Asker: 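Structure provided below as structure tokens; questions to follow.
In the text below, chain A, chain B and the rest are named by the order of the sequence lines, each starting its count at 1. What you see is a predicted model, and the numbers here were worked out from it, not measured in a lab.
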There are 2 protein chains.
Amino acid sequence: MRADARRNYDRLLTEAGAAFAEKGTEASLEDIARSAGVGVGTLYRHFPTRQDLILAVLRDGFEAMATFARELDVDDPGLALRQWLLAQLRHITTTRGLTAELAVAINNPESPLWGSCEVIFSVGTELLGRAQKAGVVRADLTQADVSSVVQGIAWSCESDPVRQERLLDLFLEGVLL
Amino acid sequence: MRADARRNYDRLLTEAGAAFAEKGTEASLEDIARSAGVGVGTLYRHFPTRQDLILAVLRDGFEAMATFARELDVDDPGLALRQWLLAQLRHITTTRGLTAELAVAINNPESPLWGSCEVIFSVGTELLGRAQKAGVVRADLTQADVSSVVQGIAWSCESDPVRQERLLDLFLEGVLL
DNA sequence: GCATAAGCGGAGGCAGCCTCCGTATATTTA
DNA sequence: TAAATATACGGAGGCTGCCTCCGCTTATGC
């Protein structure tokens with residue numbers, strides 16, 4: 001790879017990382033090219049699709065993550081696992097787009113979307129309350145917890161209902177008394 | 001509201017529902033207007049933003065969901081809750097966009113994105129394995145389960161790290177021995 | 001230094017977003 | 001029922017972002 005190509009590649013990666021973190025993964029590619037000081041043609045030659053660019057940015061972050069993971073305390077595997085998961089949460093969150101508005105709305109009465117989530121929320125609360133009264137669900141669980149977990153599972157296994165069910169069961173086994 | 005306006009509103013809602021289910025929430029609004037047999041101007045008058053349209057479609061579905069929930073077996077609250085959550089998963093999944101490519105990739109060796117997820121996956125497997133060997137995590141848990149749950153939590157509480165942590169702990173309490 | 005392979009960049013065609021306003025139609029009034 | 005009025009319609013047009021294509025530039029090897 002020619003020296004100038006390498007330089008442009010690196011600049012694009014840096015700028016893309018900043019842009020995605022700030023504006024989400026839908027940030028304008030022309031803007032990214034501009035702030036890297038190259039033409040769009042150059043961007044597209046290095047990263048034929050947006051996906052490719054996102055992926056390259058993620059890969060960068062992944063390496064740092066892996067390093068972090070290898071340095072975690074070996075003597076306390078439970079704690080280490082937890083720290084690892086937390087770090088991942090943080091990383092995913094900074095690179096993820098903004099599609100979560102609805103997921104936020106369902107737990108936030110201030111949101112303009114709240115009104116139409118209310119029915120669902122109250123019905124869910126009712127069912128949860130009943131299950132708790134019957135003593136089959138731990139009492140400290142809130143409807144907000146439940147809806148977030150459900151949203152999350154739905155999203156993360158969008159095209160695999162079998163996995164969705166498995167994860168839901170995993171969650172419930174910790175929740176059912 | 002004038003009769004023709006009502007008619008167009010309903011048509012738009014129907015077509016939008018179909019389009020979002022088929023192509024995700026990024027479906028072209030001009031296409032939706034066209035298939036509803038109205039001009040884009042009409043679409044934008046009724047639904048000033050894409051968000052408004054998505055919301056209206058969801059609201060439609062929510063009503064059916066609430067009806068379903070009210071009919072669930074009162075004598076078995078645990079089962080009723082589970083059925084309710086499953087129905088929600090299904091509903092969310094059909095209306096959600098397609099941003100889940102990465103979430104899928106991390107559990108799918110066939111995906112073109114798999115390569116760069118591999119490091120993360122193997123490091124995670126390592127940490128999980130250690131925790132399991134130490135007897136602090138149940139043995140039947142897989143790395144695929146963990147990464148899906150983490151992705152899901154990250155997404156569903158994107159802008160609220162406190163909630164993220166709480167949900168993670170909820171999950172772990174069911175998982176830790 | 002020269003040849004040439006490698007890389008650059010931005011014009012241009014296309015698609016989707018959203019606004020604006022002249023036209024059309026439902027509803028009200030007399 | 002016909003005029004008056006309020007309400008709603010539609011699509012042209014301006015704009016932004018996507019992606020391709022190809023003539024020009026520059027690094028590299030001899």
Side-chain angles (χ1 to χ4, degrees), chain A residues 1-60 95-102 112-113, chain B residues 1-60 95-102 112-113:
Chain A
M1 188 184 235
R2 243 168 68 169
D4 53 349
R6 167 96 258 153
R7 200 166 46 241
N8 286 335
Y9 182 96
D10 290 340
R11 277 187 197 158
L12 281 167
L13 215 50
T14 305
E15 293 303 326
F20 290 156
E22 188 189 346
K23 304 175 196 167
T25 52
E26 292 309 308
S28 159
L29 298 184
E30 309 213 306
D31 280 354
I32 291 175
R34 198 178 354 264
S35 39
V38 305
V40 273
T42 299
L43 185 151
Y44 279 100
R45 199 170 331 95
H46 286 302
F47 310 100
T49 70
R50 177 184 296 273
Q51 182 82 247
D52 291 327
L53 182 52
I54 294 174
L55 191 58
V57 170
L58 286 176
R59 187 159 18 220
D60 245 25
T95 50
R96 173 81 55 218
L98 306 171
T99 358
E101 282 160 37
L102 210 155
L113 305 183
Chain B
M1 189 183 231
R2 243 169 67 172
D4 54 348
R6 166 97 258 152
R7 200 166 46 240
N8 285 334
Y9 182 96
D10 290 341
R11 276 186 197 157
L12 281 167
L13 216 50
T14 306
E15 293 304 325
F20 290 156
E22 188 190 347
K23 304 175 196 168
T25 52
E26 292 308 308
S28 159
L29 297 184
E30 310 212 307
D31 280 354
I32 291 175
R34 199 179 350 267
S35 38
V38 305
V40 273
T42 298
L43 185 152
Y44 279 100
R45 200 170 330 97
H46 286 303
F47 309 100
T49 71
R50 177 184 296 273
Q51 181 81 247
D52 292 327
L53 182 52
I54 294 173
L55 190 58
V57 170
L58 287 176
R59 186 160 18 222
D60 245 26
T95 50
R96 173 81 56 218
L98 306 172
T99 359
E101 281 160 37
L102 210 155
L113 305 182

Asker: Without decimals, in angstroms, what is the distance between A/Leu53 CG and D/dG17 C1'?
Answerer: 15 Å
Asker: Without decimals, in angstroms, what is the distance between B/Phe47 CZ and C/dC18 C1'?
Answerer: 16 Å
Asker: Please list each protein N or O that sits under 3.5 Å from an N or O in nucleotides 19-22 of chain D, with the distance.
Answerer:
unit_1, atom_1, unit_2, atom_2, d
D/dC19, OP2, A/Tyr44, OH, 2.9
D/dC19, N4, A/Glu30, OE2, 3.0

Asker: How close do A/Ala56 and A/Leu13 get, counting heavy atoms only, and between which atoms?
Answerer: CB-CD1, 3.5 Å
Asker: With B/Asp4 as reference, evaluate B/Arg2, B/Arg6, B/Met1 under the side-chain contact (heavy atoms from CB on, under 4.5 Å) test and give the passing residue.
Answerer: B/Arg2
Asker: Please find the pair of heavy atoms, one from B/Leu12 and one from B/Ile32, that lie closest to each other, and give the distance.
Answerer: O-CG2, 4.2 Å
Asker: Between B/Ser28 and B/Met1, who's closer to the 5' end of DNA chain C by nearest nucleotide?
Answerer: B/Ser28
Asker: Of all the heavy-atom pairs spanning A/Arg11 and A/Ala36, show the shortest one and how long it is.
Answerer: CD-O, 3.5 Å
Asker: Using whole Å, report how far CG of B/Asp4 lies from P of C/dA24.
Answerer: 15 Å
Asker: Nearest of D/dT28, C/dG9, D/dA8 to any side-chain atom of A/Ala3?
Answerer: D/dT28
Asker: Can you list, in residue-number order, the parts of residues 5-14 of chain B that come under 4.0 Å of DNA chain D, counting heavy atoms only?
Answerer: B/Ala5, B/Asn8
Asker: Which one, C/dC8, D/dA8, D/dA27, comes nearest to the side chain of B/Arg2?
Answerer: D/dA8
Asker: Any idea which heavy atoms bring B/Thr25 and B/Phe20 closest together, and the distance?
Answerer: CA-CD2, 3.7 Å
Asker: Rounded to whole angstrom units, what separation is found between the CD1 atom of A/Ile32 and the P atom of D/dC18?
Answerer: 8 Å
Asker: Can you measure A/Glu26 atom CD to D/dT16 atom C1' for me and round it to whole angstrom units?
Answerer: 14 Å
Asker: Taking A/Thr42 for its side chain and A/Val38 for its backbone only, find out whether a donor-acceptor pair lies under 3.5 Å.
Answerer: no
Asker: Considering residues at least two apart in sequence or located in another chain, which fulfil the side-chain hydrogen bond (donor to acceptor under 3.5 Å, both in side chains) criterion with B/Arg7?
Answerer: none
Asker: For the residue pair A/Arg50 and A/Ala27, what are the closest heavy atoms and their distance?
Answerer: NH1-O, 2.9 Å
